[in-house]
Structure formats: structure tokens, C-alpha cells
Amino acid sequence: RYISLIKKDTVSYISIFHNHGPEAGASIYHPHSQLIAIPLIDTDLEGALEKARKFNETKECVYCKMNEWEMREKERVVYQNDDFVALCPFVSKTAFQVIISPKKHLSFFENITEKEKESLADAFKVVLAKLHKGLGDPPYNFYLHSAPANGNDHSYYHWHWTILPKTSIWAGFELSVGIEISTIEPEEAAAYLRSQKI
């Protein structure tokens, strides 16, 4: 579906996401993900593209640099295999946020290889199992950020998946400023998830 939709002239971006649990917006009981093709680029991705483009003026990818640093330091890494690293980012949007990112520079999700699909499935299986066990099957959302299919050069971007467990309820502060008060540091969250035997 992704490959067929990106070929349409009216499509600039394809959003793939998953809602798990009623608190995450899951309205159908059985597990399923959704794909929506849209003629624009969402503001969150637009901001990420701009930051990546500016960093790329140094001829380096900001995501590759972050991944290299995280894999060297190992504090926030939850899991890794040959092709992917899963980590709790330094400035997490929510407690226990996990980003699954290709180890090599890949801009367009639609170019994923069969081997990379298997490695990505392995990373998702391990991370979701650790979240399930460690947090008692929390509601969560995950989504893909990939370079848009709008015909522009976005080779500086690095696609990745973001998993956001629902570990708290947003109240007045969070809603008014868009910042969640996290009760755990990403280093502690990653260490806790790594410790979960699955």
C-alpha cells in the first residue's frame, strides 16, 4: 500500500501509525496499524526535516551522529541488532519513549530491504515485549517518520519509528505548554527496559 500510494501525484506524505489500548485511541479491539496518505507534511515532521537539513550543512546526518554516540555510550540503548538501534532519547517526549532507528543512513522508508524488514520486526518484537512486561501492557502509540514522497531531495533525513507509552495523563501544565513532566530519566528507563527478561 505504501509503495503504491507514494506514486500518486496528490500524495506528499504517508503516515503509518499504531494505537494500542483505549487510552491511546484504539477503537477496534484487535491489533492493527493504520496508513493514511496526505497531500501535506505534518508540522512535527516539517520541524524535524528543517533541523536535519540545517545540521546537514556540515555534511553529516544528525541522526547518524546521535546513534553513533548512543551506541558508544550505551546508557540509553534498550536493544540493538545488526541493522537497528532502539533507545530512550535524551529529551524524551514521554516516560519510556523509545526510538527505533536504522544504524546506517536511510532516508526513505520505502527503500527498506527484506533483511532490514526482518531486523526491524525483531527490534519491534523485543522492545514491545519489554514494554509489555516492564510496564504491565501499557497503552501506547507508535509512528513512522520518513522522508516525504513529495519529489524533493530529503537525502539528509534519517527515517525512524517512535514508540510513546501512555504512562501518565496530561493535565493543565502539559496541555498548556506541550511538555510532559517525566517521572524517570531516559537512562533509568533504558536500564529498566534492558533488565526485562523476555
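There is a side-chain donor-acceptor pair under 3.5 Å between H158 and S101. Donor-acceptor pairing under 3.5 Å is lacking for the side chains of Y157 and N56. Between the side chains of N19 and H32, no donor-acceptor pair of N or O atoms lies under 3.5 Å. Using modelled atom types, one finds no donor on one side chain facing an acceptor on the other under 3.5 Å when comparing E116 with S119.
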- Message: Applying ring pair (Phe, Tyr, Trp, His ring centres under 6.0 Å) to Y63 and H160, what does each step give before you reach the verdict?
- Response: CA-CA 9 Å; Y63 297 95; H160 56 278; 5.2 Å; yes
- Apply ring pair (Phe, Tyr, Trp, His ring centres under 6.0 Å) to W159 and F84, showing your working. CA-CA 11 Å; W159 66 259; F84 291 91; 5.8 Å; yes
- Task: Evaluate side-chain contact (heavy atoms from CB on, under 4.5 Å) for Q80 paired with M71, printing each intermediate quantity in order.
- Result: CA-CA 9 Å; Q80 61 180 310; M71 288 185 291; 3.5 Å; yes
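Its side chain within the 4.5 Å cluster rule, V91 clusters with F90 among the Ile, Leu, Val, Met, Phe, Trp and Tyr residues.
Rounding to the nearest 0.5 angstrom, the gap separating the SG atom in C61 from the OH atom in Y156 is 11.0 Å. Distance check: L5 CG to E110 CD gives 11.5 Å after rounding to the nearest 0.5 Å.
Enclosure of atom CZ in R72 by more than 12 non-hydrogen atoms of other residues, nucleotides or ligands within 6.0 angstrom is indicated. Heavy atoms of other residues, nucleotides or ligands lying less than 6.0 angstrom from NZ of K115 number more than 12.
Although no hydrogens or angles enter the test, the distance criterion places no donor-acceptor pair under 3.5 Å between the side chain of R1 and the main chain of L35. A donor-acceptor contact shorter than 3.5 Å is absent between the side chain of K103 and the backbone of D83. Under the 3.5 Å distance criterion, the side-chain polar atoms of K130 are left unmatched by any main-chain donor or acceptor of I198. Formation of a donor-acceptor pair under 3.5 Å by the Q196 side chain with backbone atoms of Y192 is found in this model.
For F124, the ring-ring contact (aromatic ring centres under 6.0 Å, His included) criterion is met by F142, W161, not counting sequence neighbours. Partners of D44 according to the side chain to side chain donor-acceptor pair (under 3.5 Å) rule, which considers only residues two or more places apart in sequence or in another chain, are K93.
A salt bridge does not link E70 with K74: every distance from a Lys NZ or Arg NE/NH1/NH2 to an Asp or Glu carboxylate oxygen is 4.0 Å or more.
You'll find the side chain of L193 stays beyond 4.5 Å of the side chain of Y79, heavy atoms only.
Each of I6, I36, I3, L144 was evaluated against I14; a single residue qualifies, I6, per the side chain to side chain contact (heavy atoms under 4.5 Å, CB included) test.
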